[in-house]
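Below is one structure, written out as structure tokens, with a few remarks after it.
If you read the sequence from its start, that first residue is 1, and numbering goes on from there.
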Amino acid sequence: MINMKKTEKIIKLYTEKLILASDPLFPLWNRENFMFSKQGKWNYIDNCIIRSVLMMYDLSRDVRLLDYTVRFNDCYVEDNGDIPSMNPLDYNLDNINGAKNLIALYKLTGNEKYRLAVDKLYAQQICSQPRLDCGNFYHKAIYPMQIWLDGSYMALPFLAEYAVQTKDNALLDDVKNQLENIIRLMRDSNTGLYYHGYEQSRITCWSDKTTGLSQEFWLRAMGWYASALADICEITQDYAPELSELCAESLCSLINAVSQYITHEGMLCQLPAKPDLKDNYPETSGTLLFAYASLKAYRLGVGGENIKNTGIKLFSAVVDNYITFNTDNLPVLSNTCLVAGLGGSQNRDGSAEYYLSEPVVKNEAKGIAPLIMAYTELMRILKV
């Protein structure tokens, strides 16, 4: 049972005190910037929040939300569509995440600069993004020959939406092929869960020399992937039913698989398949991403009552047990993994010990954004 009174209070206070109160160049929700003294720039973290704000606007039509997303993006996007604080030649899929918001803002405002920015992100990065032999994008130029599961959310829903808008069936085939490769290469047939990474060359410290796979099932990566499947399913329902059905089937299969690992309090753990492992913990961002994907699946007619109940259970567990209020009456969402990756300068080996060593933080955008996203799906269901 969802505590709607607490939920409504949380969403209202996050909107007023964390989002609308934030300087777009120094947003209060970006804990990485504060912890590591990073300068504000175009990034996937902030764009996750903006995505959730646009979902809230679509639901409430509160003009303050639209005005804020415009003000935020105008700090990063120039009139000619350039985004000076990102380099497309980094070939970083994370930078594509914000393109979804630019598509939405162009539809809502008609401002040409958003359309120009979308076209430039597509032409300057996506069209020349390096690929593995199977056809999937590199996650970043600095991670050659690697698929990271989280990259599916950053880029593929945008590519699907761009394809539908431009009526480019070859692009839709590209999305379908990349998803099929993820299923073929990264899904574990025993559990139905997905590994975080796959490396074609099998030379890094984290990739198995036989399979190319990383060692563990990391919750948030699977949550991003589930959310990507839900979003692409919706985008392509009327235009590319074959692709939509692939997403629907894959999504239901993954939700059913991960639901076997829900703890007694209704949460999923940082390493969901190892709930009893020492120092493993209930992780909120990934739990909320699965809540979002489950509730959206139900709304789209993809899953039945079981999937809806899974989404409600996950959402309720976070609201009931992992959100409190501080002395300023600001909600505080706890148990969010700050970041996790593979390889790089830190030689992240993808072990269980590694995933459990990353900082666990409060009021991080990667937890707050899926909280709001899941809330919008819940409200859509309740209004039906």
Can a side-chain donor-acceptor contact be found between Asp133 and Gln200 if the only test is distance below 3.5 angstrom?
yes
Please tell me if the side chains of Pro88 and Asn95 come closer than 4.5 Å, counting only heavy atoms from C-beta onward.
no
Could you measure the distance from the CG atom of Asp79 to the OH atom of Tyr114? Nearest 0.5 Å is fine.
9.5 Å
Glu8 and Met379, any side-chain heavy atoms less than 4.5 Å apart
yes
Return the minimal non-hydrogen interatomic distance between Leu288 and Gly367, and the atom names on each side.
CD1-O, 3.5 Å
What's the shortest heavy-atom distance between Gly192 and Leu254, and which atoms?
O-CD1, 3.9 Å
Ring pair (Phe, Tyr, Trp, His ring centres under 6.0 Å) partners for Phe217, two or more places apart:
Tyr195
Quick check: are there more than 12 heavy atoms from other residues, nucleotides or ligands sitting under 6.0 Å from NZ of Lys308?
yes
Got Arg187 and Ser253 here, is their nearest side-chain heavy-atom distance under 4.5 Å?
yes
May I ask you to decide if Pro331's main-chain N or O and Asn363's side chain share a donor-acceptor pair within less than 3.5 Å?
yes
Do Val258 and Phe290 have side-chain heavy atoms sitting under 4.5 Å apart?
yes
Do Tyr322 and Glu265 have a side chain donor and acceptor closer than 3.5 Å?
yes
Is the shortest heavy-atom distance from the side chain of Cys252 to the side chain of Val302 under 4.5 Å?
yes
How about Lys366 and Leu289: do any of their side-chain heavy atoms sit closer than 4.5 Å?
no
d(Leu149 CG, Met154 CE) to nearest 0.5 Å is 10.5 Å
Rounded distance (nearest 0.5 Å) linking atom CG of Leu300 with atom NZ of Lys296:
6.5 Å
Under a plain distance cut-off of 3.5 Å, with no hydrogens placed, do Asp150 and Tyr44 share a side-chain donor-acceptor pair?
no
Check Glu78 with Lys113, please: is the shortest side-chain N to carboxylate O separation under 4.0 Å?
no
Show the nearest heavy-atom pair for residues Ser22 and Leu18, with the distance to one decimal.
OG-O, 2.5 Å
Hey, what do you get for NZ (Lys140) to CG (Asn92), rounding to the nearest 0.5 Å?
4.5 Å
Is the CD atom of Glu305 crowded by more than 12 outside heavy atoms at less than 6.0 Å?
yes
Would you find a donor on one side and an acceptor on the other, under 3.5 Å apart, between the side chain of Ser250 and the backbone of Cys247?
no
For Leu65 against Ser60, the heavy-atom pair lying closest together:
CD1-OG, 3.7 Å
Answer yes or no: does atom CG of Asn326 have more than 12 heavy-atom neighbours from other residues, nucleotides or ligands under 6.0 Å?
yes
Only counting residues at least two apart or in another chain, list the ones meeting salt bridge (charged side-chain N to carboxylate O under 4.0 Å, His left out) with Asp90.
none
Give a yes or no answer on whether the side chain of Ser244 reaches the backbone of Ala240 with a donor-acceptor pair at less than 3.5 Å.
no
Between Arg380 and Asp58, does the salt bridge (Lys or Arg N to Asp or Glu O under 4.0 Å) criterion hold? Intermediate values first, please.
CA-CA 11 Å; Arg380 289 181 186 281; Asp58 193 47; 2.6 Å; yes
Is a salt bridge present between Arg71 and Asp67, judged by a nitrogen-to-oxygen distance below 4.0 Å?
no
Set of side-chain contact (heavy atoms from CB on, under 4.5 Å) partners for Leu116, sequence neighbours left out:
none
Using a strict threshold of under 4.0 Å (side-chain N to carboxylate O), is an ion pair present between Asp328 and Lys17?
no
Please give me the minimum heavy-atom distance between Ile307 and Ala297, naming the atom from each residue.
CG2-CB, 4.1 Å
Stacked cation flag Lys274 on Tyr261, 6.0 angstrom / 45 deg
no
Under the 4.5 Å side-chain heavy-atom rule for ILVMFWY, direct or indirect, which residues accompany Leu271?
Ile142, Tyr143, Trp148, Trp206, Trp218, Leu277, Tyr281, Leu342, Tyr354, Tyr355, Leu356, Val360
Checking Asn280 side chain against Asp276 main chain: does a donor-acceptor pair fall under 3.5 Å?
no
Identify whether the distance between the nearest side-chain nitrogen and carboxylate oxygen of Arg184 and Glu180 falls below 4.0 Å.
no
Within the 3.5 Å criterion, strictly below it, is a donor on Asp168 or Thr166 matched to an acceptor on the partner's side chain?
no
Side chains of Asn101 and Asn47: is there a donor and an acceptor less than 3.5 Å apart?
yes
If the condition is salt bridge (charged side-chain N to carboxylate O under 4.0 Å, His left out), which residues does Arg64 pass it with, not counting sequence neighbours?
Glu16, Asp62
Is the backbone N or O of Gly98 less than 3.5 Å from a side-chain atom of Arg51, with the two atoms forming a donor-acceptor pair by type?
no
Flag yes if more than 12 heavy atoms outside Glu242 fall under 6.0 Å of its CD atom; otherwise flag no.
no
For the residue pair Asn256 and Ser259, confirm or rule out a side-chain donor-acceptor distance under 3.5 Å.
no
Verify, without hydrogens or angle tests, whether Ser294 (side chain) and Ala291 (backbone) share a donor-acceptor contact under 3.5 angstrom.
no
Let me confirm one number: the CD1-OG1 distance from Ile323 to Thr7, rounded to the nearest 0.5 Å.
7.5 Å
With no hydrogens and no angle check, just 3.5 Å: does a side-chain donor-acceptor pair link Asp174 and Asn177?
no
Do the side-chain N and O atoms of Glu364 and Thr336 include a donor-acceptor pair separated by under 3.5 angstrom?
no
Hey, are Tyr68 and Asn73 close enough side-chain-wise for a donor-acceptor pair under 3.5 Å?
no
Taking Leu213's backbone N and O only, do any of them form a donor-acceptor pair with Asp208's side chain (distance below 3.5 Å, no angle check)?
no
Can you check whether Arg299's main-chain N or O pairs, donor with acceptor, with Glu377's side chain at less than 3.5 Å?
no
Quick check: does any side chain N or O of Asp349 sit under 3.5 Å from a backbone N or O of Cys205, one acting as donor and the other as acceptor?
no
Regarding Lys100 and the six-membered ring of Tyr162, is the cationic atom NZ or CZ under 6.0 Å from the ring centre and inside 45° of its axis?
no
Sequence-distant partners of Ser128, side chain to side chain donor-acceptor pair (under 3.5 Å), two or more places apart
Tyr91
Where the side chain of Tyr76 meets the backbone of Pro24, is there a donor-acceptor pair that is under 3.5 Å apart?
yes
List the atom of Gln215, the atom of Gly350, and the distance in Å for their closest heavy-atom pair.
CB-O, 3.5 Å
CD1 on Ile96 to CG on Leu121, rounded to 0.5 Å:
5.0 Å
Step through the shown structure and confirm whether more than 12 heavy atoms of other residues, nucleotides or ligands are within 6.0 Å of NZ on Lys209.
yes
Answer with yes or no whether the side chains of Arg202 and Ser207 bring together a donor and an acceptor at under 3.5 Å.
no
Under a plain distance cut-off of 3.5 Å, with no hydrogens placed, do Thr204 and Glu199 share a side-chain donor-acceptor pair?
yes
